[in-house]
Amino acid sequence: MECPSLSPDGTRIAFKEAIGADPPRGWRLSVLELASMQVTPLAETRSIDDQAAWLDNATLAYTVRDSSGDPDVWTVRADGSGAPHLLVPDSESPAALG
C-alpha cells in the first residue's frame with residue numbers, strides 16, 4: 001500500500017498497490033474500507049503511479065500521463081463501479097480540485 005488518502009468521512013483509504021506485489025508491473029488504485037478491512041480495486045485499469053485525491057465521499061481524482069508524458073486529471077467512483085472519466089485535460093494535480 002502506497003500513497004494513502006483518507007476519505008472525507010474518515011471511513012476509507014484510497015491507495016495505490018503494486019500489481020501482483022511487483023511495482024515494475026504497474027500500480028492499481030484501490031480503496032480500503034476501514035470497518036471491514038475489505039479492499040476494492042477501482043474501475044481504472046491503467047497503471048496509476050500517483051496519489052489519488054478525494055473530491056467527495058464517492059469520487060477520487062488522479063493524474064494520468066499519456067504516451068508523450070502530458071498529464072490529464074481523471075475521476076473514478078470509489079466503490080469500484082462505473083468507468084473513469086476525464087475531468088480536466090492538460091492538468092497536473094487533482095489535489096487543487098478537492
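Along the sequence shown, residues carry numbers from 1.
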Restricting to non-hydrogen atoms, name the atom on L32 and the atom on M1 that form the minimum distance, rounded to 0.1 Å.
CD2-CE, 3.8 Å
So which atom in W54 and which in S5 form the shortest heavy-atom distance, rounded to 0.1 Å?
NE1-O, 2.8 Å
Which atoms form the tightest heavy-atom contact between V73 and L86, and what is the distance?
O-CD1, 3.6 Å
For residues 34-45, please give each side-chain donor-acceptor pair under 3.5 Å, one per line with the distance, not counting sequence neighbours.
unit_1 : atom_1 : unit_2 : atom_2 : d
S36    : OG     : Q38    : N      : 3.2
E44    : OE1    : R46    : NE     : 3.4
E44    : OE1    : R46    : NH2    : 2.8
E44    : OE1    : Y62    : OH     : 2.6
E44    : OE2    : R46    : N      : 2.9
E44    : OE2    : R46    : NE     : 2.8

If you compare all heavy atoms of P4 against all heavy atoms of Q51, which two are closest, and at what distance to 0.1 Å?
O-NE2, 2.7 Å
In one Ile/Leu/Val/Met/Phe/Trp/Tyr side-chain cluster, 4.5 Å: V31, I19:
no
Spell out, as yes or no, whether a donor-acceptor pair under 3.5 Å connects the side chain of T63 to the backbone of E92.
yes
Shared hydrophobic cluster for L60 and I13 (ILVMFWY, side-chain gaps under 4.5 Å)
no
Considering all heavy atoms of both residues, which atom of S7 and which atom of T11 are nearest to each other, and what is their separation?
OG-N, 3.2 Å
Could you go step by step and tell me if C3 and F15 meet the side chain to side chain contact (heavy atoms under 4.5 Å, CB included) rule?
CA-CA 5 Å; C3 299; F15 63 98; over 6 Å; no
Partner set under salt bridge (charged side-chain N to carboxylate O under 4.0 Å, His left out) for R77, not counting sequence neighbours
D79
Closest non-hydrogen contact found for L29 with K16 is CD2-CB, 4.3 Å
Run the side chain to side chain contact (heavy atoms under 4.5 Å, CB included) test on D72 and D90 for me, step by step, so that the C-alpha distance in whole Å, both residues' side-chain angles and the decisive distance to 0.1 Å come before the verdict.
CA-CA 5 Å; D72 296 313; D90 302 317; 4.1 Å; yes
